[in-house]
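The structure under discussion appears below in the form of structure tokens.
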2 protein chains.
Amino acid sequence: MLAISIDDPLPIHDQIIIGLRRLIAAAKVLPGDELPPVRQLAADLGVNLNTVARAYRALETEGLVSSVRGRGTVVLADREAIGGTRKAKAKRFTAAMSNVLAGGKLAGLSRDDAQRIVDQLLDVYWPHHQSR
Amino acid sequence: MLAISIDDPLPIHDQIIIGLRRLIAAAKVLPGDELPPVRQLAADLGVNLNTVARAYRALETEGLVSSVRGRGTVVLADREAIGGTRKAKAKRFTAAMSNVLAGGKLAGLSRDDAQRIVDQLLDVYWPHHQSR
DNA sequence: CGTATTGTATCATACTATGATACAATAGCA
DNA sequence: TGCTATTGTATCATAGTATGATACAATACG
């Protein structure tokens, strides 16, 4: 369901956050679904339960999930949860996209390579209805 | 030429690395161009010179620039510098792209929004010849 | 040869990520 | 109700990392 990489310089809890965001955005987990208990996911990933708990809390702050002690953590209704104005969001998106495309360019990918990968992923996060 | 953000959780030297990679990939700085001395860029950004030096060294390890004590740091010829096989590079690119698109989706961007931004940036990093 | 300029190395310090452990709230069952 | 299991939360310790202050070394240039 989720994977982390030990040699990724990104902190583990950030990897968890990003991974769960991807799952939610791709509708692999749906509103109302429960995330695994922190201890279980921590065991699965081989990390400390605090590391998972921290990720859950960050997602809760973003408004993507809701955690209640004793009950668990559930995914909330899909919504525009991440802060800032629409313009600010587009700006952050553009900056992040620039970084990724620059990396691809420097790695030697062709424009067609990049275009193909993007097109494929657009379908993942903004699926066409008939293709499901 | 370059900007860093203090409230970005990403370490400063990583922000510098990413920013310079973007400039190089977008051909805003060309092979043979000199980067500013570490002290100057550090002063411009309001950070320690070691922080800039660390970024320069990382770019040198990637093969993007060459630093020589007493002379400075120059951008090298454009080349497929970042490590790994072609397949590994595409995989990393795909993963990074997924993260960005997922973030855009959760931020409420439409598919057309994302598509528009991507198309625009593709032209930045893989420009059409006649448009220059 | 001497001075300025540039990157590098060393050391100290503050911060952060991660982990070990204990606490608190909810659910569920006898 | 009371007991126990389950779940998230809080506290504390420790290792690692980012950043900075300062000194060193190599190149350029008069």
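The figures that follow rest on heavy atoms only: side chains count, while hydrogens, waters and symmetry mates do not.
Atom CD1 of B/I4 and atom P of D/dT19 are 9 Å apart (whole Å). Look at CD1 on A/I12: it is 17 Å from P on C/dT16, rounded to the nearest Å. Taking atom CG of A/L10 as the reference point, atom P of C/dA17 lies 10 Å away to the nearest angstrom. C/dT16 atom C1' lies 17 Å from atom CG of B/D7, rounded to whole Å. Rounded to whole angstrom, the span from the CD1 atom of B/I16 across to the P atom of C/dG7 amounts to 13 Å. A/R69 has its CZ atom 16 Å from the C1' atom of D/dA5, to the nearest Å. Remark: P of D/dT19 and CG of B/D8 are 11 Å apart, rounded to the nearest angstrom. Rounded to an integer number of Å, the gap from CG of B/L35 to C1' of C/dG7 is 13 Å.
Distances were taken from every side-chain heavy atom of A/P11 (C-beta onward) to each of D/dG8, C/dT6, C/dT18; the shortest belongs to C/dT18. Among the nucleotides D/dA10, C/dA22, C/dG7, the one closest to any side-chain atom of A/R57 is D/dA10. Counting only heavy atoms from C-beta on, A/R39 has its side chain closest to C/dA22 among C/dG7, C/dT18, C/dA22. Of the candidates D/dG8, D/dT9, C/dT8, the closest approach to any side-chain atom of A/P37 belongs to D/dG8.
Looking at heavy atoms from C-beta onward, A/V124 lies out of side-chain contact with A/Q120 at the 4.5 angstrom threshold.
Residue B/S67 places none of its side-chain N or O atoms closer than 4.0 Å to OP1 or OP2 of C/dT6.
Although no hydrogens or angles enter the test, the distance criterion places no donor-acceptor pair under 3.5 Å between the side chain of B/W126 and the main chain of A/A114. Side-chain atoms of B/T94 come within 3.5 Å of backbone N or O of B/A90 as a donor-acceptor pair. In terms of modelled atom types and a separation under 3.5 Å, the side chain of A/D33 and the main chain of A/L30 share a donor-acceptor contact.
Residues of residues 43-53 of chain A that place a heavy atom closer than 4.0 Å to DNA chain C, in numerical order, are A/V47, A/N48, A/L49, A/N50, A/T51.
Between B/I12 and the choices B/N48, B/I17, B/I4, the side-chain contact (heavy atoms from CB on, under 4.5 Å) rule is met once, by B/I4.
Both A/V68 and A/R54 sit near DNA chain C, but only A/R54 has its closest nucleotide nearer the 5' end. Nearest-nucleotide positions on DNA chain C for A/H13 and A/R71 put A/H13 closer to the 5' end.
Annotation: A/R71, atom CZ; neighbour count of heavy atoms from other residues, nucleotides and ligands within 6.0 Å does not exceed 12.
In summary, the side chains of A/D112 and A/S110 do not present any donor paired with an acceptor at a separation below 3.5 Å, with no hydrogens or angles considered.
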